[in-house]
Amino acid sequence: MYMNITVLCVGKVKESYFCDAIREYGKRLSRYCKLEIVEVPDEKTPDGASEAEENKIRETEGKRLLKHMKPDAYRIVLAIDGAMQDSVAFSRTMERIGVRGYGQIQFVIGGSLGLSPEVLSQADERLSFSKMTFPHQLMRVILLEQIYRAFRISANEPYHK
């Protein structure tokens with residue numbers, strides 16, 4: 001199942017070790033898909049920001065994300081309230097999306113405050129990797145590793161458990 005995968009995310013990855021891991025998984029994934037990573041600028045959150053300020057930041061970042069969300073793509077947002085799946089179920093989900101005729105999957109990762117209601121409303125599916133909170137730069141690495149693992153599982157290729 002060869003498809004186009006876009007990871008649409010808020011903010012840039014600054015740490016070199018995350019950049020190295022992202023590059024490595026990008027290289028590994030090139031056998032299975034065309035990977036694109038689209039970064040939109042994040043907003044600085046002031047210390048002690050009010051709920052209204054946080055909502056405004058989510059809205060601003062959300063508008064930036066929405067400009068890149070394609071209506072003909074299958075859109076999966078990473079959200080703490082999303083469905084949790086093990087790696088095999090995630091692999092089956094990606095297969096199901098491909099069988100349904102989608103040539104592109106967009107994964108959306110929000111900034112430090114999460115995603116706006118507008119972005120969440122455009123999702124075909126919500127996915128959660130944990131009830132825990134992770135830095136969004138690390139989440140990018142975890143997501144790419146799980147996409148790679150999903151392709152390996154679908155191809156019946158060995159991958160450590």
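Each residue takes its place number in the sequence, starting with 1.
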J.: Hey, are the side chains of Val108 and Leu78 touching, using non-hydrogen atoms and a 4.5 Å cut-off?
T.: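 No, too far: nothing below the 4.5 Å cut-off.
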
J.: Between the side chain of Arg75 and the main-chain N/O of Met69, is any donor-acceptor distance below 3.5 Å?
T.: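 No, Arg75 side chain to Met69 backbone: no donor-acceptor pair under 3.5 Å.
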
J.: Does a side chain donor of either Gln85 or Thr93 reach within less than 3.5 Å of an acceptor in the other side chain?
T.: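 Distance-only check passes for Gln85 and Thr93.
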
J.: Of all heavy-atom pairs between Ala150 and Ser91, which one has the smallest distance, and what is that distance?
T.: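 In terms of heavy atoms, the two residues are closest at O-OG, 2.9 Å.
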
J.: Which pairs count as salt bridge (Lys or Arg N to Asp or Glu O under 4.0 Å) when at least one residue sits in residues 78-94, sequence neighbours excluded?
T.: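 The answer is Asp81-Arg126, Arg92-Glu95.
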
J.: If I compare all heavy atoms of Ala73 with all of Asp124, which pair ends up nearest, and what's the gap?
T.: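 Of all heavy-atom pairs spanning Ala73 and Asp124, the closest is O-OD2, 3.5 Å.
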
J.: Would Glu125 and Arg96 count as a salt bridge (Lys or Arg N to Asp or Glu O under 4.0 Å) here? Give the steps.
T.: CA-CA 13 Å; Glu125 196 166 325; Arg96 175 181 45 84; 3.3 Å; yes

J.: Give a yes or no on whether Leu120 and Phe107 share a hydrophobic cluster (residues Ile, Leu, Val, Met, Phe, Trp, Tyr; joining criterion: side-chain heavy atoms under 4.5 Å apart).
T.: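 No, Leu120 does not connect to Phe107 through the hydrophobic network.
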
J.: So which heavy atom on Ile57 is nearest to which on Lys44, and how close?
T.: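 Taking every non-hydrogen atom into account, CD1-O, 3.7 Å.
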
J.: Apply the test side-chain contact (heavy atoms from CB on, under 4.5 Å) to residues Tyr32 and Ile147: give CA-CA distance (whole Å), side-chain angles for both, the deciding distance (0.1 Å), then the verdict.
T.: CA-CA 10 Å; Tyr32 305 99; Ile147 294 170; over 6 Å; no

J.: Begin from the C-alpha positions of Val77 and Leu127 and carry the test side-chain contact (heavy atoms from CB on, under 4.5 Å) through to its verdict.
T.: CA-CA 6 Å; Val77 297; Leu127 179 65; over 6 Å; no

J.: Just how far is it from atom CD of Gln122 to atom CD of Gln106, taken to the nearest 0.5 Å?
T.: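 Nearest 0.5 Å value for the CD-CD distance: 11.0 Å.
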
J.: What's the shortest heavy-atom distance between Arg140 and Gly11, and which atoms?
T.: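 The pair with the smallest heavy-atom distance is NH2-O, 2.9 Å.
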
J.: Please answer: with hydrophobic residues joined when any side-chain heavy atoms are less than 4.5 Å apart, are Phe90 and Tyr148 in the same cluster?
T.: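 Same cluster.
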
J.: For the NZ atom on Lys131, are there more than 12 heavy atoms of other groups (residues, nucleotides or ligands in this structure) within a distance under 6.0 Å?
T.: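 Atom NZ in Lys131 is packed in, count exceeds 12.
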
J.: Nearest 0.5 Å, what's the OG-CG distance between Ser116 and Leu65?
T.: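 Here the interatomic distance stands at 7.0 Å.
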
J.: Going from CD on Gln146 to CE on Met139, what distance comes out if it is rounded to the nearest 0.5 angstrom?
T.: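 Here the rounded value is 8.5 Å.
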
J.: Measure across Leu115 and Ile109 and return the closest heavy-atom pair with its distance rounded to 0.1 Å.
T.: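 In this case the closest contact between Leu115 and Ile109 is CD2-C, 4.2 Å.
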
J.: Got a second to check how far Cys33's SG is from Asn4's CG, nearest 0.5 Å?
T.: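 Between atom SG of Cys33 and atom CG of Asn4 there are 8.0 Å.
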
J.: Are the side chains of Thr6 and Val38 in contact, using a 4.5 Å heavy-atom criterion?
T.: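 With C-beta onward as the side chain, the pair touches.
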
J.: Linking I/L/V/M/F/W/Y whenever any side-chain heavy atoms sit under 4.5 Å apart, do Val99 and Met94 land together?
T.: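 In one cluster: no.
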
J.: I want to check something: taking the side chain as every heavy atom from C-beta on, are Pro158 and Arg152 in contact at a cut-off of under 4.5 Å?
T.: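 A side-chain contact exists here, since the closest heavy-atom pair is under 4.5 Å.
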
J.: Verify the cluster assignment for Phe151 and Val141: are they in a single hydrophobic cluster under the rule of side-chain heavy atoms below 4.5 Å apart?
T.: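 Yes: a chain of side-chain contacts under 4.5 Å links Phe151 to Val141.
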
J.: Under 4.5 Å between side-chain heavy atoms, hopping through other hydrophobics if needed: is there a path connecting Val119 to Leu8?
T.: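 Same cluster: Val119 reaches Leu8 through Ile, Leu, Val, Met, Phe, Trp or Tyr contacts under 4.5 Å.
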
J.: Once rounded to the nearest 0.5 Å, what's the spacing between atom NE2 of His68 and atom CD of Glu39?
T.: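 Between atom NE2 of His68 and atom CD of Glu39 there are 10.5 Å.
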
J.: I need the minimum non-hydrogen distance between Ser112 and Thr45, along with the two atoms involved.
T.: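 Minimum heavy-atom separation between Ser112 and Thr45: OG-OG1, 4.2 Å.
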
J.: Taking atom NE2 of His136 and atom CD1 of Ile142, what is their separation to the nearest 0.5 Å?
T.: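 Going from NE2 on His136 over to CD1 on Ile142, the span is 13.0 Å.
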
J.: Does NZ or CZ of Arg100 fall inside the cone over Tyr102's six-membered ring, less than 6.0 Å from its centre and within 45° of the axis?
T.: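 The answer is no, since Arg100 fails at least one limit relative to Tyr102.
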
J.: If you apply the rule side-chain contact (heavy atoms from CB on, under 4.5 Å), what do you find for Cys9 with Ile37, and how did you get there?
T.: CA-CA 8 Å; Cys9 38; Ile37 297 176; 4.0 Å; yes

J.: Side chains of Ser87 and Ile153: closer than 4.5 Å at any heavy-atom pair?
T.: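 A side-chain contact under 4.5 Å exists here.
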
J.: Evaluate the side-chain proximity of Met3 to Gln104: yes if any heavy-atom separation is below 4.5 Å, no if none is.
T.: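 Side chain of Gln104 against side chain of Met3, heavy atoms only: no contact under 4.5 Å found.
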
J.: Report, as yes or no, whether the 6.0 Å neighbourhood of atom CD on Glu157 holds more than 12 heavy atoms from other residues, nucleotides or ligands.
T.: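 Above 12, so yes.
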
J.: Given the rule in the salt bridge (Lys or Arg N to Asp or Glu O under 4.0 Å) test, do Glu61 and Arg64 qualify, once you have shown the distances and angles that lead to the verdict?
T.: CA-CA 5 Å; Glu61 291 174 345; Arg64 293 174 183 154; 5.6 Å; no

J.: Apply side-chain contact (heavy atoms from CB on, under 4.5 Å) to Ile5 and Leu29, showing your working.
T.: CA-CA 10 Å; Ile5 303 280; Leu29 280 165; over 6 Å; no

